[in-house]
Amino acid sequence: MNEIVVIIGGGIAGMEAAAQLLKLGHSPIIIEKSDRLGGHVGKWNMLFPDLTPAKKVVDELADSCRDANIFLNTEISSLNRLKDRYNLMLSNGISISTKYILFATGFNMFPAQKKEEYGYGIYDHVVTNADLEHWMNGNADKRMDTSGMKTIGFVHCVGSRDEKARNPQCSKVCCITAIKQAIELKNMYPDAQIYCFYMDLRLFGKKFEDFYTKAQRDHGIHFIRGRVSEVSEAMDGRLVVKAEDTLIGKPLKVSVDLLVLMAGMACNPDSEKIASQIALPIDTDGFLKSSDNIIHITSSAKKGVFYAGACTGPKTVPETLAEARSAALDIHTAIIKER
Amino acid sequence: MMNIFGFRLSASSAIDMDKVDRTLFDKLCAEEPDARRCMSCGSCSATCPAGEFTGMSVRKVLHNLQRGKEREALKMVSSCMLCGKCNMVCPRGINTRHLILSVCRIYKTEESR
Amino acid sequence: MIYQGKQNIWSDYQKEIPDDHWYYVRSCIRQNFFPASEKMFMEICRNVLGKDIYENEHHTTCGGIAYHCDTIPQETVMTIVARQFALMTEAGYENYVASCITSFGNYTEILETWNEYPELEAKIRELLWKACRKEFRKPKHLAHSSDLIYKFRNEIAEKAKFRLVNKETGEPLRVVEHIGCHYAKMFPSKGVGGAEYPYVLAGMIESWGGNVIDYPERRHCCGYGFRQYHVKANRGYSISNTHKKFESMEPYKPDMIITNCPGCPYFLDRWQYVIAEMEGKTYGENGFGIPVFTYEEVAGMVLGYDPWDLGLQLHQVAVEPLLDKIGIEYSPEDKYKGLNKKDIMKPELPSGIRCF
Amino acid sequence: MRDLYPSGFDSFILPFMIGMTFVLCWCGIGAVRVIAELDREDRKKFFLSFLNPKILGKNIRDWFCDCLFHVKLWKRNKLLGYMHSSIAFGWFMIIVIGHIEVFIYTPERIHRMWYPIFFRYFVAVTESTMKGSFFFFLMDFFLLMILSGIILAMVKRVRSRLFGMRRTTRASLTDLIGLYALWSIFPLRLLAEGFTADISGGSFLTKSLNMVLHSFMSDSMNALPVWWAYSIALGVFMCILPFSRYMHIPAEILLIPLRNAGIKLKHEDKGVARAELYSCPSCGVCIDTCPLSAVPANSRDATVYLNRQLKRHNEKRIDQISEKCMLCGKCSVVCPVGVEGDKIRIAHRSRKKYSIAHDYSLIDEGKFIGNMTEKRRVLYFMGCMTALTPAIRKAVTAIMDKAGEDYTIMDGDGGICCGRPMLVAGRKDAAMEMIEKNTKIIKSSGASVLLVNCPICYKIFKENYSLEGIEILHHTEFIDRLVSEGRIAIDRSETKYVYHDPCELGRGCGIYDQPRNVVAAAGTLVEADVNGKESICCGGSIGSLSLGFDKRKALTENALKHLTCGSPDAIVTACPLCKTTFNRYSDRPVADIAEVTAERLI
């Protein structure tokens, strides 16, 4: 008998887990609230550090999980537990009973307009990392003035490591994303001066450091250690960015033609909403709480409920995929044990 | 000029990147492309024998030059003894001695300009 | 600039401003700097808007300047404030309205501190009791007097005789709004429109017909900064700040500056003279400066009060070019006439900046 | 023997005479110029040296050994040595014997410069004597010698490895013209003399050739075109000589007395340096020997190319080459004519202009003087690099403690640089200021021995400091002395050590034996395949100004490859910089000599 596994979220974690569960002979059901699979990665253009097209990754994953039951445009109306089974009511009227649920609910982009001082949604040429990827995917964006791109600023940690913005964790991927995007923009506008304003550069992953040195040496991207304090719009529409260069302890200002805010990863309120229906614990950082953070990252406090990907905290694409595989294996082991 | 008020306007100490002239630094990078690779770890400053007396720090020199604060940078550079300790400790392998010699050739002090 | 985006933010920072029955406390220094402003505020509240506003002659300083100059400890300033609240309580009011921005900030900070540390509030109650046998209730609403004018800006606009419009061209005047630092920078939610894009003065300007100028250094301090001005050795620092602000707004060619703080109009006004003397530079047209007003003065002006009754002759920067621009009539010969046309004598005119 | 032509002249000699006159004028003017470029004191020293019989004797010996016999090349490779000396000495002998023949047979023609060269054309043999045959034999013998050298030279063009050279210089156009002219001179001479051997006489070579030629050519007038060709070849060679590598032939004659007179190189292309430049035979021995050449692209930065660029005044390349060099000094050691590649480079560096001058006013030597209140026998100067290799400092002090030495450390908590790094960068004024400050400290200490463990410091202390009454010792000398005096004893182990000669210590200061004694006392000493004078720079040298970190790896690996060919268990060196550099890439332990000693102290 095929065991049904409900996967909440059709991002890369959900797709990868579904693909693995299919291979292991189970019947995954993906429930995705938007009209397409791929989640955040699906909206991205290129992925660090090898500039792999995001579309390629998403297409490959979608292909490998196409035999799963996929409900798009579907939300979970209610979720409750009955003995060892979970009953889900979906917004499309279908109800499912399953022993196994995988949360692959991912994260939300931190809303950059919350950092008012950076003027997102107020000034004409302020965009987020996601907007930039969207634009690089060929979508028009009137904030991108391609004719006058002489100076570009990147603000790291927008809504990351920011207790006042109630998002105290490091979003892990923004440093390397900023460097990637800076290099991409520099390739498009070789004469542009590009500034990255950072608090710490956290470049932990494979080849990340190479990327950083390349950005410095080959692309001449300027790294300024200091958090941007405020942004103003000058008369000509350029943005005046102020920060302290903490390495020499002096205030610094620069006018830029485009300001890219590296919006961080915030917890997804939807996952909290669903989790609360079966009383799953939430961690202090607002993300779902794993039963422990070292060897049981993919397990929850409830039997049959598993986690994969950024629903438990910021993760990179390869980390998310690895976690999805490991969650699939955990589910498989649990199913075998039950039999 | 001391004036009737007993105080005066002081120039801003802030760095204005809009006014930084990059010509000389670009020239320096053509000589020593690794100049841009500094990650400000501070190893060079900590090991510098001149630094103890004069505050010399290759990191700060590089930093100040990139921020248009040439005067501060050049003052430090003049106390370098070229011993090469910074060269040995730099984790990025920047050829600091060549860098300093190139700075000494490319830049000019205000007096000599 | 995306106006819609700003409106979104303003809608996030709407504070509750009481409609009526206000207990008013004056500023220590405003009456000396711009003497008609507080008088005009009372006049507008009572006679134009018809509100109940009460003030008590026993109130004192809030202790803010001493607090910010580090000359008195926190307990002292809190006890002073507690006494102010006690006076309000005794008078039977619960809507506390401060004329001074630093006071407003001071009250806000103390109320917030008491919320976080109730034991401190208890201690202050005890201290107040020991000191003067008074008890107090915390105000239900705390407002700055500019909040009230903001709230009733449209009523004022309806009754106005003039608009902030250039009479000749019909163009709206370009107005710089300068908010006192202690208004919302410490507690953004306590100010109308928050700290980054405050709306309290911008709202008045918009209702009264002007155009708000958004210049890069709009968030910058006027330069007063208590210790920076009070200690003569630091005054260069104070004026350098003001200078930076003027340099930033200059390209926008502002017609006037409106402020809501006691210190700001004074320093923005007087330092223009000092900068002119030191650097030979003026920021207005034809060798004049940019006139600086308090919001009460501007309200009085649009409502049609006589400029000299508003005390505009005490401004360093000549206001006459602006009055001409708006079309407000005034009699030049009465400028230096006091009450009952008594001659208060014309001051010596500076050389660096044009004045009348 | 009698004159064949009463005039004693034929127009074919003109090319030779033009060439000869030209080259003599050129060299004469050149020599005057070189001497004029010396400063007054050096010039005086140069002239006086000729009056000194000792120096004069040395000059003569060097002229013979270096210019004619190429003794250095013989030592390097026998075939290479033979090739050079056969041509040089053979040619010299042909000229000498030619003159002797003229002197004996036609003394009235001795003033005619062309006579000894074209003697066989102008004379006819009258009788056959023993004496005549002897000269004929000698002439043919030396001609054969030269021809054999020429054949070897041709072989070398194709297979230089046979001569122990992996890479040779890339010849310039003038070099090629000169080369082909030189190659053709002697075969043409053979042919010419072969044609006329029946009239003018000859020996085994020429006479035999004459027979062969006559078997199919009867008209002796055929000889004239060949004599023309011989003369033209000579003329071309001499005209091209000043512009080609063959300039080294006359230039070396001047360089030898300059060097023997003890005149130092002061300018990169004037005076001594000019003599050296022109003495460079472009042989390319320096290419293989240069540690930089471990990366093939770097072989264009060898001294031979520096010389070439200096002659061409290609400032950009000169800058590049002179700043890239590690100043290991190996090219100077192996150079057959004694071009001092490292000194030329330093001289060039010192002509660079620096708009930012040094300012050491804040570096206060008083702080160090104040720290040394008690007088000790030994003052130990660690140097900057040792601050980053504390194991060496610990070992040196442990050895001194064991020996009961009375010492103090001059720069235990940071010090003033010795000045050598600045000196080799060509900024002598700045270096002198550091020297002055350190001298003050050293003198105020009252110590009688200055101990250093860094060869870089050691060299400048030895050469540029004036520390009268204070003995300057490198720690290798110091430890060797302690061992031989019995003040310390080393427990010998079975470990196989290879000793790496640091450039500044070996070639720089001539210290080769003391460290080997110490290493041999601690274990088995094996030698690297190139060692001593030809030891390969570790790649970490402060001598190079422009060589980046990433470019040095290959050099270090190459040095390690040579060091470890005897499969040693560990590498021993005597320089903190070599130690750090080797440690980075070595597959076996690298230790300073002091560490090895301290570890095995009994």
Side-chain angles (χ1 to χ4, degrees), chain B residues 24 27-28 30-35 37 43-56 61 65 70-113, chain D residues 319 323-324 349 352-365 367 383-389 411 413-427 430-431 433-434 437-438 454 456-457 540-553 576-577 580-581 584:
Chain B
L24 292 180
K27 221 167 142 187
L28 181 69
E31 286 282 320
E32 189 51 56
D34 283 341
R37 292 183 65 213
S43 309
C44 48
S45 326
T47 201
C48 180
E52 198 183 323
F53 296 96
T54 64
M56 163 66 181
V61 168
L65 290 179
E70 291 178 8
R71 213 166 51 145
E72 288 90 331
L74 300 180
K75 196 166 173 279
M76 277 188 242
V77 159
S78 64
S79 72
C80 171
M81 299 191 278
L82 221 60
C83 71
K85 275 178 89 182
C86 46
N87 219 335
M88 275 180 94
V89 297
C90 178
R92 282 273 171 96
I94 299 172
N95 188 347
T96 49
R97 297 175 70 237
H98 188 233
L99 184 90
I100 288 164
L101 285 173
S102 305
V103 168
C104 290
R105 277 177 210 161
I106 292 168
Y107 287 86
K108 288 184 169 57
T109 53
E110 262 153 51
E111 301 87 67
S112 66
R113 217 172 290 165
Chain D
D319 272 0
E323 304 220 327
K324 199 170 185 179
R349 290 176 185 185
K352 293 242 107 180
K353 291 274 177 292
Y354 291 93
S355 39
I356 307 298
H358 65 278
D359 174 10
Y360 301 143
S361 51
L362 290 175
I363 297 174
D364 176 24
E365 65 273 19
K367 183 196 141 185
C384 300
M385 296 301 173
T386 313
L388 296 170
T389 50
D411 55 348
D413 186 27
I416 298 171
C417 176
C418 63
R420 175 106 183 125
M422 197 53 119
L423 189 75
V424 298
R427 301 179 72 176
E433 243 178 75
M434 286 180 249
K437 284 176 192 288
N438 277 323
C454 173
I456 303 167
C457 309
S541 168
I542 51 141
S544 173
L545 301 180
S546 62
L547 203 62
F549 175 73
D550 49 335
K551 307 275 190 315
R552 291 174 183 248
K553 187 182 174 197
L577 191 51
T580 314
T581 311
R584 212 169 275 141

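Each chain gets a letter, A, B and so on, in the order the sequences are listed, and its residues count up from 1. Since this is a predicted model, take the numbers as computed values, not measurements. All values below were derived from every heavy atom in this structure, side-chain atoms included, with hydrogens, water molecules and symmetry-related copies excluded.
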Do the side chain of [X] and the main chain of [Y] share a donor and acceptor less than 3.5 angstrom apart?
X: B:S78; Y: D:Y360; result: no
X: B:R97; Y: D:L545; result: no
X: D:N438; Y: D:C417; result: yes

Do D:D364 and D:K367 sit within salt-bridge range, that is, some charged N less than 4.0 Å from a carboxylate O?
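No, this pair does not count.
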Residue selection (most heavy-atom pairs with chain B, distance under 4.5 Å) from D:G415, D:P421, D:A431, D:A430:
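Sorted descending by pairs with chain B, the first entry is D:P421.
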Chain B contacts, top residue of D:K352, D:K353, D:R552, D:R420 (heavy-atom pairs, under 4.5 Å)
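Among the listed options, the one with the most contacts to chain B is D:K352.
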Any idea which of B:T54, B:D34, B:I94 has the most non-hydrogen atom pairs under 4.5 angstrom with chain D?
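Answer, by heavy-atom pair count under 4.5 Å with chain D: B:T54.
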Largest heavy-atom contact set with chain D, pairs under 4.5 Å, which of B:G93, B:C48, B:G84
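Highest number of pairs under 4.5 Å: B:G93.
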Which pairs count as salt bridge (charged side-chain N to carboxylate O under 4.0 Å, His left out) when at least one residue sits in residues 72-86 of chain B, sequence neighbours excluded?
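Counting only pairs at least two positions apart or across chains, the salt bridge (charged side-chain N to carboxylate O under 4.0 Å, His left out) contacts touching residues 72-86 of chain B are A:K250-B:E72.
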Considering only heavy atoms, which portion of [X] lies under 4.5 Å from any heavy atom of chain B: side chain, backbone, both, or neither?
X: D:S544; answer: backbone
X: D:E323; answer: side chain
X: D:M434; answer: side chain
X: D:I456; answer: neither

Under a 4.5 Å heavy-atom cut-off, does chain D meet the side chain of B:C90, its backbone, both or neither?
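Neither part; nothing is under 4.5 Å.
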Which atoms of B:S102 are under 4.5 Å from chain D, going by heavy atoms: the side chain, the backbone, both sets, or neither?
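For B:S102, neither part sits under 4.5 Å from chain D.
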Please test B:I106 against B:E31 for side-chain contact (heavy atoms from CB on, under 4.5 Å), starting from the C-alpha separation and ending with a verdict.
CA-CA 10 Å; B:I106 292 168; B:E31 286 282 320; 3.9 Å; yes
Taking only residues two or more places apart in sequence, or in another chain, which ones meet D:Y354 in a ring pair (Phe, Tyr, Trp, His ring centres under 6.0 Å)?
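Result, ring pair (Phe, Tyr, Trp, His ring centres under 6.0 Å) vs D:Y354: none returned.
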